[in-house]
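Within every chain, numbering begins at 1; the chains are lettered A, B, ... in the order of the sequence lines, protein sequences first and strands thereafter. No experiment lies behind these values; they were computed from the predicted model shown.
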Number of protein chains: 2
Amino acid sequence: MTSARERILDAYERQLVELGERGSTLDAIAVEAGVSKGGLLYHFKSKDDLASGLIARLTERGAADLAGFPDTAEKAIHHFIVAASDVDDPLGASYLATQVLARAGRADAFAALQDLEEGWYRAILELTGDPVVARLMQLVSDGIYYNAAVVPEGSPPTASGFTLVPLGEEREAIIARLLSLLPPAGASGQRGQ
Amino acid sequence: MTSARERILDAYERQLVELGERGSTLDAIAVEAGVSKGGLLYHFKSKDDLASGLIARLTERGAADLAGFPDTAEKAIHHFIVAASDVDDPLGASYLATQVLARAGRADAFAALQDLEEGWYRAILELTGDPVVARLMQLVSDGIYYNAAVVPEGSPPTASGFTLVPLGEEREAIIARLLSLLPPAGASGQRGQ
DNA sequence: GTCTATATTTGGATAGAC
DNA sequence: GTCTATCCAAATATAGAC
């Protein structure tokens, strides 16, 4: 069994995304983590402290992701877009949960997100040499994250088949189109602008 | 002075975006709207009812936007991206506030957003004839909205000059690049894929 | 390190005067 | 149509036993 501390953070993370900041009560978190409220408050003195722990973990995970970032534009874009649409990996989970905290008004959550975004932006910029492409990449990935964050678990498409989160083949088509924006050295496309 | 009902909705909208769902208390809303808590609860029987009113207003404003949607791909994309980055217009404000409600777990808020997204997606698809471009457009605009929603008021760029929301010239460059993805009939670009 | 109380605070909602 | 006063529930936090 993983440490109680980690289990508490995991439970909080999950509840932030699924229930929002409002729904993530100390009681519910404690139950899901398999400890009592008192036990929880031994590891984190207050709810504020709990949030700080979550944000710190995002920062660690983000640094690890950036440290292992791909070294070509093609691979980077692929990694970037795929990672954005994979809510299951730990970094994605931390990212989404921190988004919720940021929107609830926590300044340090916002700062952590901004730092991460900047790191990714700079990494893509360095690889592509094109600030507009880098910004587009950032916005598309934010768009995917946003959709993932808003869509409730297992949400069905609308009656007419529309779905918010792009999956499978559509995702690959999007990546291909983004790659087509790259300068000549790129694998598959012409250029625009 | 506008009607108390509208003032209450405006105040609630603003507080949702700036303080989050948690921070938007009936007390604070009443104060900002210039009524008492009792007065507020005369217009909306419960907080739930207040949220419903907000969502209904988004749906009205969204329908109006779609009704006046541009009739060419170029104009549509421009309108779409510019509108997404203008948080001051009433539709944008309603959209952002409803996002907060959706993330707090309100199913009807999510449904209203999804309907709107679908309407926009279909409008762009019809004008461009390209589902990948339409999806990219949707994601970029979501990305912009997301950034606008997370960024606190008057937030400064990082020390190194990075800023989350693309403004001014950068926004125009992004629009131009997106337009370059359009098929031959488009104004300025070649195509990819 | 984890538990069971219990205290404190806050926010949503009601009742009834004006 | 708006206000004040009050009630009630929920959530955070504390105290202290085990």
Side-chain angles (χ1 to χ4, degrees), chain A residues 1-57 97-109, chain B residues 1-57 97-109:
Chain A
M1 176 104 84
T2 90
S3 79
R5 201 192 137 89
E6 287 297 301
R7 290 204 319 278
I8 291 166
L9 284 179
D10 289 342
Y12 184 36
E13 224 167 58
R14 201 134 23 92
Q15 293 194 12
L16 277 174
V17 175
E18 283 174 21
L19 309 173
E21 213 261 328
R22 197 87 178 293
S24 317
T25 67
L26 294 185
D27 259 305
I29 296 164
V31 168
E32 186 169 331
V35 294
S36 71
K37 211 197 304 197
L40 191 164
L41 285 165
Y42 167 76
H43 292 285
F44 302 94
K45 300 106 233 153
S46 67
K47 203 177 186 191
D48 219 72
D49 191 36
L50 183 55
S52 300
L54 192 72
I55 294 166
R57 202 166 70 161
T98 305
Q99 259 186 231
V100 175
L101 291 177
R103 190 161 308 187
R106 276 198 70 115
D108 53 349
Chain B
M1 176 104 86
T2 89
S3 78
R5 200 192 139 90
E6 287 297 301
R7 290 203 319 277
I8 291 167
L9 283 178
D10 289 343
Y12 184 36
E13 225 167 58
R14 201 135 22 93
Q15 293 195 13
L16 278 174
V17 174
E18 283 174 20
L19 309 174
E21 212 262 328
R22 197 85 178 295
S24 316
T25 67
L26 293 184
D27 259 305
I29 296 165
V31 168
E32 185 170 331
V35 295
S36 70
K37 211 197 305 199
L40 191 165
L41 285 165
Y42 166 77
H43 291 286
F44 302 94
K45 299 105 230 154
S46 67
K47 205 178 185 189
D48 219 73
D49 192 36
L50 184 56
S52 299
L54 193 71
I55 294 166
R57 202 167 69 161
T98 305
Q99 259 184 233
V100 175
L101 290 177
R103 189 161 308 185
R106 276 199 70 116
D108 53 348

Please report the closest heavy-atom contact between [X] and [Y], naming both atoms and the distance.
X: A:E21; Y: A:A104; result: CG-CB, 3.9 Å
X: A:E13; Y: A:A97; result: CG-CB, 3.5 Å
X: B:S24; Y: B:Y12; result: CB-CE1, 3.9 Å
X: B:K45; Y: B:D49; result: NZ-OD2, 3.0 Å

Nearest-neighbour nucleotide for the B:T25 side chain, C:dT4, D:dA13, C:dG12 considered = C:dG12
Quick one: [X] [atom1] to [N] [atom2], roughly how many Å, whole number?
X: B:K37; N: D:dC7; atom1: NZ; atom2: C1'; value: 11 Å
X: A:D27; N: D:dT12; atom1: CG; atom2: C1'; value: 10 Å
X: A:L41; N: C:dC3; atom1: CG; atom2: C1'; value: 12 Å
X: A:L40; N: D:dT14; atom1: CG; atom2: P; value: 13 Å
X: A:L26; N: C:dT8; atom1: CG; atom2: P; value: 18 Å

Salt-bridge present (A:E6, A:R57; N to O < 4.0 Å) =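 Yes, this pair counts.
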Do [X] and [Y] have side chains that approach each other closer than 4.5 Å (heavy atoms only, starting at C-beta)?
X: B:H43; Y: B:L9; value: no
X: B:R106; Y: B:D48; value: yes
X: B:F44; Y: B:R5; value: yes

So, with a heavy-atom separation below 4.0 Å from DNA chain D, the residues of residues 2-24 of chain A are none
Could you list by number each residue of residues 44-55 of chain A showing a heavy-atom separation from DNA chain D of less than 4.0 Å, or answer none if no residue does?
->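 Result for residues 44-55 of chain A: A:S46, A:K47, sorted by number.
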For C:dT2, does OP1 or OP2 lie under 4.0 Å from any side-chain N or O of A:Y42?
-> no
